[in-house]
There are 2 protein chains.
Amino acid sequence: MSCQELRSVPFFAELPPALLNELVAAARERHYEKEELIVLKGDRPTALYAVLSGVVKLACQSPAGEERVIDLVGCGEVFGESAVLLGNPFPYLAAAISPARLLHIDAETVLALSGRSAQFAKRLMIKLSTRLYAHMRDLEDFRLHPPVRRLANYLVGQGAASSRGEAVISFCAPKHVIASRLGMTPEALSRCLRELSDSGAIAVGVDHVRVLDAGCLQGLSGAQ
Amino acid sequence: MSCQELRSVPFFAELPPALLNELVAAARERHYEKEELIVLKGDRPTALYAVLSGVVKLACQSPAGEERVIDLVGCGEVFGESAVLLGNPFPYLAAAISPARLLHIDAETVLALSGRSAQFAKRLMIKLSTRLYAHMRDLEDFRLHPPVRRLANYLVGQGAASSRGEAVISFCAPKHVIASRLGMTPEALSRCLRELSDSGAIAVGVDHVRVLDAGCLQGLSGAQ
DNA sequence: CGTACCTTTGATGTGAATCAAGAGTAGTGG
DNA sequence: CCACTACTCTTGATTCACATCAAAGGTACG
């Protein structure tokens with residue numbers, strides 16, 4: 001583990017070298033196979049996790065055992081901070097969707113640093129607040145937007161808005177996982193994609209979407 | 001404004017006197033009428049809010065203008081921290097449900113203190129994490145539990161579990177507001193209350209619920 | 001006492017889940 | 001290289017839970 005690698009994760013990127021060294025000392029790298037579990041719902045938090053490569057899903061499970069994907073966390077992202085800070089059991093399960101390399105950063109160290117370094121505390125506060133905002137958007141989406149609009153929102157959020165020409169968004173997971181993330185069944189996602197493609201806003205490929213009319217998408221997605 | 005009053009808000013209760021004095025200096029009290037707006041969705045955050053008395057609803061609005069209650073914040077609670085820390089526009093609207101007294105604590109001061117005091121930063125991190133956990137539970141509820149179960153969860157969360165005898169839970173807002181908070185129509189809430197009362201778990205009063213069989217409620221609510 | 005609002009109850013409608021095939025797309029082994 | 005199997009994805013038919021609509025109690029307040 002090198003400082004270099006740690007700096008590739010935006011969450012850590014701007015921290016001063018002294019802190020990075022402490023974090024590196026508290027970190028260990030681990031490889032996960034496709035579908036391998038990382039944490040179970042209810043586990044005591046022993047580490048903060050950073051995804052170096054691959055994709056990880058966070059999900060909750062119904063009593064019947066079906067699972068709903070809460071979020072997909074990709075390369076360079078971090079998860080588990082709130083559990084570590086609170087010391088509460090993880091409220092969700094985490095599992096690798098593809099083969100993945102993760103960094104485990106010892107919970108004790110994170111906790112200690114959060115008390116000792118104002119800069120680190122600041123990063124944590126910003127990360128927590130950002131996550132909270134994201135969750136609020138999700139909750140709002142679920143509570144007042146129909147599936148098509150949730151899909152449009154998702155595509156816009158994935159960068160459909162960025163280029164004015166034809167942006168291409170590739171799915172980081174099989175469609176049924178994306179469907180679950182968006183709170184629908186695979187069948188529903190399929191129909192929503194078709195609806196958007198019929199309206200000319202997008203062209204659907206096997207594992208990607210080509211954005212033809214970003215304006216239309218954004219109109220649907222409610223962004224001004 | 002006195003330190004005494006500030007200390008009545010759990011969020012501030014354990015802070016050292018020096019900090020409390022700074023906070024008091026940055027605080028001003030304001031009264032709101034029933035239904036008066038406190039912040040609009042999209043407002044720049046100018047303060048952290050603490051509820052001294054009354055009840056405040058946080059809500060989002062659909063394009064059509066109907067609103068969905070995200071949370072009800074009562075006496076001794078605090079809201080707006082994430083907006084202040086991030087400096088992002090408020091993602092929801094806040095309005096008094098009943099006549100209310102609020103404390104506005106200047107955003108600049110909050111921001112400055114969060115950088116200067118490890119203790120204050122810690123409180124903020126814990127508050128943010130706790131809120132995140134609450135949101136996760138909400139999202140889970142919406143995504144995989146039917147209305148009756150959401151109601152049961154809510155009642156248990158309100159303290160139905162505490163006493164083993166007959167707990168009484170009084171609604172802090174008119175039923176249609178509670179209904180919105182629980183993601184249902186007033187009609188649906190009415191039917192859910194009836195269902196629980198028919199099953200003998202609760203007895204429904206005008207503005208309260210008497211819990212007769214906490215075990216049954218908790219069984220429904222999924223808590224072990 | 002009457003008006004206005006909140007709540008309950010019943011009848012109806014609809015969006016999305018579920019159920020059930022079928023079509024496309026890999027991976028495997030002959 | 002081509003069949004064979006196992007998925008994943010799409011499409012259509014059906015069902016169901018909840019929202020919506022409509023109207024009738026209740027309750028509070030002037």
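Note that this is a predicted model, so its numbers are computed, not measured. Each chain gets a letter, A, B and so on, in the order its sequence line appears, and its residues count up from 1.
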Should A/E140 and B/K41 count as an ion pair when the cut-off is N to O under 4.0 Å?
-> yes
Could you tell me whether A/R194 and A/D198 make a salt bridge, using a distance below 4.0 angstrom between a side-chain N and a carboxylate O?
-> yes
Can you check whether B/L155 reaches B/L196 side chain to side chain, under 4.5 Å on heavy atoms?
-> yes
Do B/S98 and B/K34 come close enough that some side-chain heavy atom pair is under 4.5 Å?
-> no
Measure the CZ-CD1 distance between A/R30 and A/I38 for me, rounded to the nearest 0.5 Å.
-> 8.5 Å
Ion pair A/R131/A/E81, N-O distance below 4.0 Å = yes
Salt-bridged, B/D71 to B/R181, with N to O below 4.0 Å?
-> yes
Near-strand residues of residues 185-194 of chain A, defined as heavy-atom separation under 4.0 angstrom from DNA chain D = A/E187, A/S190, A/R191, A/R194
Would you kindly give the CD-to-P distance between A/E66 and C/dC19, to the nearest whole Å?
-> 10 Å
Rounded to whole angstrom units, what separation is found between the CE atom of B/M184 and the P atom of C/dT8?
-> 12 Å
Between CZ of A/R68 and P of C/dA17 the distance, given in whole Å, is 9 Å
Of B/G205 and A/P146, the one whose nearest nucleotide on DNA chain C sits closer to the 5' end is B/G205
With five pairs defining each end axis, the helix from C/dC1-D/dG30 to C/dG30-D/dC1 comes out bent, to 10°, by 30°
Please determine if B/R143 and A/E67 form a salt bridge, counting it only when a charged side-chain N lies under 4.0 Å from a carboxylate O.
-> no
With A/Y49, which of A/V39, A/V84, A/V73, A/L103 fulfils side-chain contact (heavy atoms from CB on, under 4.5 Å)?
-> A/V39
Whole-Å distance, A/E195 CD to D/dT10 P, equals 14 Å
Spacing between A/R143 atom CZ and D/dC18 atom P, to the nearest angstrom = 15 Å
Can you tell me how far the CZ atom of A/F11 sits from the CG atom of A/L6, to the nearest 0.5 Å?
-> 10.0 Å
In whole Å, what is the span from the CZ atom of B/F142 to the P atom of D/dC18?
-> 13 Å
Using the side-chain contact (heavy atoms from CB on, under 4.5 Å) rule, pick out the option among B/V69, B/V56, B/L72 that qualifies with B/I97.
-> B/L72
May I have the distance from A/D141 (atom CG) to C/dA16 (atom P), rounded to whole angstrom?
-> 13 Å
For DNA chain D, which residues in residues 170-181 of chain A have a heavy atom at a distance below 4.0 Å?
-> A/P174, A/K175, A/H176
